[in-house]
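Order of appearance sets the numbers: ligands from 1, and atoms from 1 within every ligand. All figures in this text were calculated on a predicted structure; none of them were measured in a lab. For the numbers below, each heavy atom of this structure counts, side chains included, while hydrogens, waters and symmetry mates do not.
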Amino acid sequence: MSDSSSRKIAVVTGASSGIGAVYADRLAARGYDLVLVARRADRLAALASKLSVAHGRKVDVLGADLTNEADLVKVEQLLATNPDIRVLINNAGLARLANFTDAPYEDTQAQIALNIVALTRLTHAVLPAFKKRNEGTIVNVASVLGIHAWSASSVYSGTKGFVVNFTRGLQSELAQTGVRIQLLLPASTATEIWDNSGIPLSALNEDSVMTTENLVDAALAGLDQGEAVTWPSVADGGLWDTYDAARAALFAATQTGRPAPRYKLG
Ligand code: NAP
């Protein structure tokens with residue numbers, strides 16, 4: 001992600017606040033022109049003028065509701081047709097943290113539409129050009145809740161679990177190419193997502209919450225170090241290796257073709 005003589009564009013979804021806004025700043029500082037995507041076009045415009053002054057980059061805004069078919073198609077078309085796009089940060093996301101049976105189904109649908117469907121479609125739109133050029137970087141923002149579920153996070157965790165497995169599978173598919181896809185698993189980060197989720201940020205243990213700047217800088221450090229999977233808040237990196245090895249061993253143990261002895265009757 002560091003050098004090229006031609007123009008390089010990074011597309012950041014969910015750039016109007018939180019993690020996405022910091023990605024926009026950091027990528028502009030690294031020499032990328034930007035396309036900022038989110039619904040709140042006024043916020044995108046303010047960020048765009050700030051970043052273009054600060055970093056001297058061209059920053060375009062694309063107001064889009066990624067759960068709206070026509071808007072999603074607009075962003076897909078941009079990703080599929082602009083050859084200068086080198087980076088896609090699949091960051092836009094929504095959390096509605098409430099028990100599944102108590103929450104209106106619209107909340108479930110909105111999380112699936114944004115966290116799963118939009119992320120998948122944007123990835124599908126950009127990959128052919130990346131593969132053809134044998135170059136390009138996608139960052140899929142999952143969550144530590146992609147491997148863990150509370151009673152109030154069943155749908156959110158389910159959507160982020162999709163991002164985890166989708167990204168891991170794609171990493172295998174793309175392993176022999178020059179295209180990179182990083183799986184990012186943030187823990188609690190100080191953004192608007194909490195107050196919008198039903199659990200206010202103020203209810204969290206302050207010590208467990210990371211700043212957006214620290215989160216994005218750690219994520220980019222992981223990317224620079226060639227990591228496929230980045231856990232910004234986990235000090236013991238060996239924990240992931242142990243977890244992933246246990247997962248692989250469990251999967252291998254499923255390949256027997258017969259019921260385990262404990263399920264045999266009599
Ligand atoms: P945030 O400040 O609420 O940002 C979410 C972004 O997504 C905003 O820019 C929002 O912009 C955009 N967005 C929401 N709905 C959209 C829609 N329908 N169409 C287009 N854009 C939409 O929260 P954040 O914490 O930075 O979230 C960024 C990512 O990090 C998400 O994928 C989230 O799941 C993940 N994450 C966050 C945490 C955390 O604790 N903060 C932890 C783990 C993972 P508009 O409202 O302007 O559309």
Numbering the atoms of ligand 1 from 1, which are under 4.0 Å from a heavy atom of Ala15? 9 (O)
Would you say that Val163 contacts Ile116 through its side chain, given a criterion of any heavy-atom pair below 4.5 Å between the two side chains? no
Heavy-atom distances under 4.0 Å decide this one: backbone, side chain, both or neither, for Ala64 against ligand 1? backbone
I need the minimum non-hydrogen distance between Arg30 and Leu220, along with the two atoms involved. NH2-CB, 3.6 Å
Could you identify the single nearest non-hydrogen protein atom to atom 43 (C) of ligand 1 and state the distance to 0.1 Å? Pro186 O, 3.3 Å
Heavy atom of Leu114, distance to ligand 1 below 4.0 Å: yes
Show your reasoning for whether side chain to side chain contact (heavy atoms under 4.5 Å, CB included) applies to Leu174 and Lys131. CA-CA 8 Å; Leu174 298 168; Lys131 282 179 75 178; 4.0 Å; yes
For ligand 1, does Ala187 get within less than 4.0 Å through its side chain, its backbone, both, or neither, judged by non-hydrogen atoms? backbone
Applying a strict 4.0 Å limit to heavy atoms, is Lys160 in contact with ligand 1? yes
Using a 3.5 Å distance criterion without hydrogens, assess whether the side chain of Ser157 forms a donor-acceptor pair with backbone atoms of Leu145. yes
How far is atom 36 (N) of ligand 1 from its nearest protein heavy atom, and which residue and atom name does that atom have? Tyr156 OH, 3.7 Å
Here the atoms of ligand 1 under 4.0 Å from any heavy atom belonging to Trp194 are 39 (C), 40 (O), 41 (N)
Just which atoms of ligand 1 are under 4.0 Å from any heavy atom in Ala92? 7 (O), 21 (N), 32 (O)
Can you name the atoms of ligand 1, numbered from 1 with element, that are less than 4.0 Å from a heavy atom of Gly18? 2 (O), 26 (O)
With a 4.5 Å cut-off on side-chain heavy atoms, are Ile138 and Leu127 touching? yes
Please confirm whether Ser143 comes within less than 3.5 Å of ligand 1 when only nitrogen or oxygen atoms on both sides are compared. no
Using a 4.0 Å cut-off to any heavy atom of Gly93, which atoms of ligand 1 qualify? 5 (C), 7 (O), 31 (C), 32 (O)
Heavy-atom side-chain contact between Asn140 and Leu184 under 4.5 Å: no
Measure the shortest side-chain to side-chain distance between Leu239 and Thr242 over non-hydrogen atoms and say whether it is less than 4.5 angstrom. no
Close side-chain approach of Arg96 and Pro104, heavy atoms under 4.5 Å: no
Identify, for atom 14 (C) of ligand 1, the protein heavy atom at the shortest distance, and state residue, atom and that distance. Arg39 NH2, 3.5 Å
Any nitrogen or oxygen of Gly14 lying under 3.5 Å from a nitrogen or oxygen in ligand 1? Just yes or no. yes
Determine yes or no for a side-chain-to-main-chain donor-acceptor pair under 3.5 angstrom, with Arg121 supplying the side chain and Val73 the backbone. no
Which residue and heavy atom of the protein sit nearest atom 3 (O) of ligand 1, plus the separation: Ile193 N, 3.4 Å
Does Ala142 come within less than 4.0 Å of ligand 1, judged by its heavy atoms? yes
Hey, are the side chains of Ser202 and Trp194 touching, using non-hydrogen atoms and a 4.5 Å cut-off? no
Which ligand 1 atoms, with their elements, are less than 4.0 angstrom from a heavy-atom of Ser188? 40 (O)
Is any N or O atom of Asn196, backbone or side chain, closer than 3.5 Å to an N or O atom of ligand 1? no
Any N or O on Leu66 sitting closer than 3.5 Å to an N or O of ligand 1? yes
Tell me if a side-chain donor or acceptor on Ser153 pairs with a main-chain N or O of Tyr156 at a distance below 3.5 Å. no
Identify, by atom number and element, the atoms of ligand 1 in contact range of Asp65, meaning under 4.0 Å from any of its heavy atoms. 17 (C), 18 (N), 19 (N)
To check your reading of the model: name the closest protein heavy atom to atom 25 (O) of ligand 1, its residue, and the distance in Å. Thr191 OG1, 2.6 Å
Closest to atom 32 (O) of ligand 1 by heavy-atom distance, out of Val12, Val141, Asn91, is Asn91
Do any heavy atoms of Ala190 fall under 4.0 Å from ligand 1? no
Tested for side-chain hydrogen bond (donor to acceptor under 3.5 Å, both in side chains) against Asn90, the lone hit among Thr13, Thr123, Thr167 is Thr123
Could you tell me the residue and atom name of the protein heavy atom closest to atom 1 (P) of ligand 1, and the distance to it rounded to 0.1 Å? Ser17 OG, 3.4 Å
Ile19 neighbourhood, listing ligand 1 atoms whose heavy-atom distance to it stays under 4.0 Å: 25 (O), 26 (O), 30 (O), 37 (C)
Working note: Glu135 + Val179, criterion side chain to side chain contact (heavy atoms under 4.5 Å, CB included); need CA distance, chi angles, decisive distance, verdict. CA-CA 5 Å; Glu135 187 205 330; Val179 180; over 6 Å; no
Should the pair Tyr105 and Phe100 be assigned to parallel (<30°), tilted (30 to 60°) or perpendicular (>60°) ring geometry? perpendicular
Of all protein heavy atoms, the one nearest atom 10 (C) of ligand 1 is Ser16 OG, 3.8 Å
Side chains of Leu114 and Asp65: closer than 4.5 Å at any heavy-atom pair? no
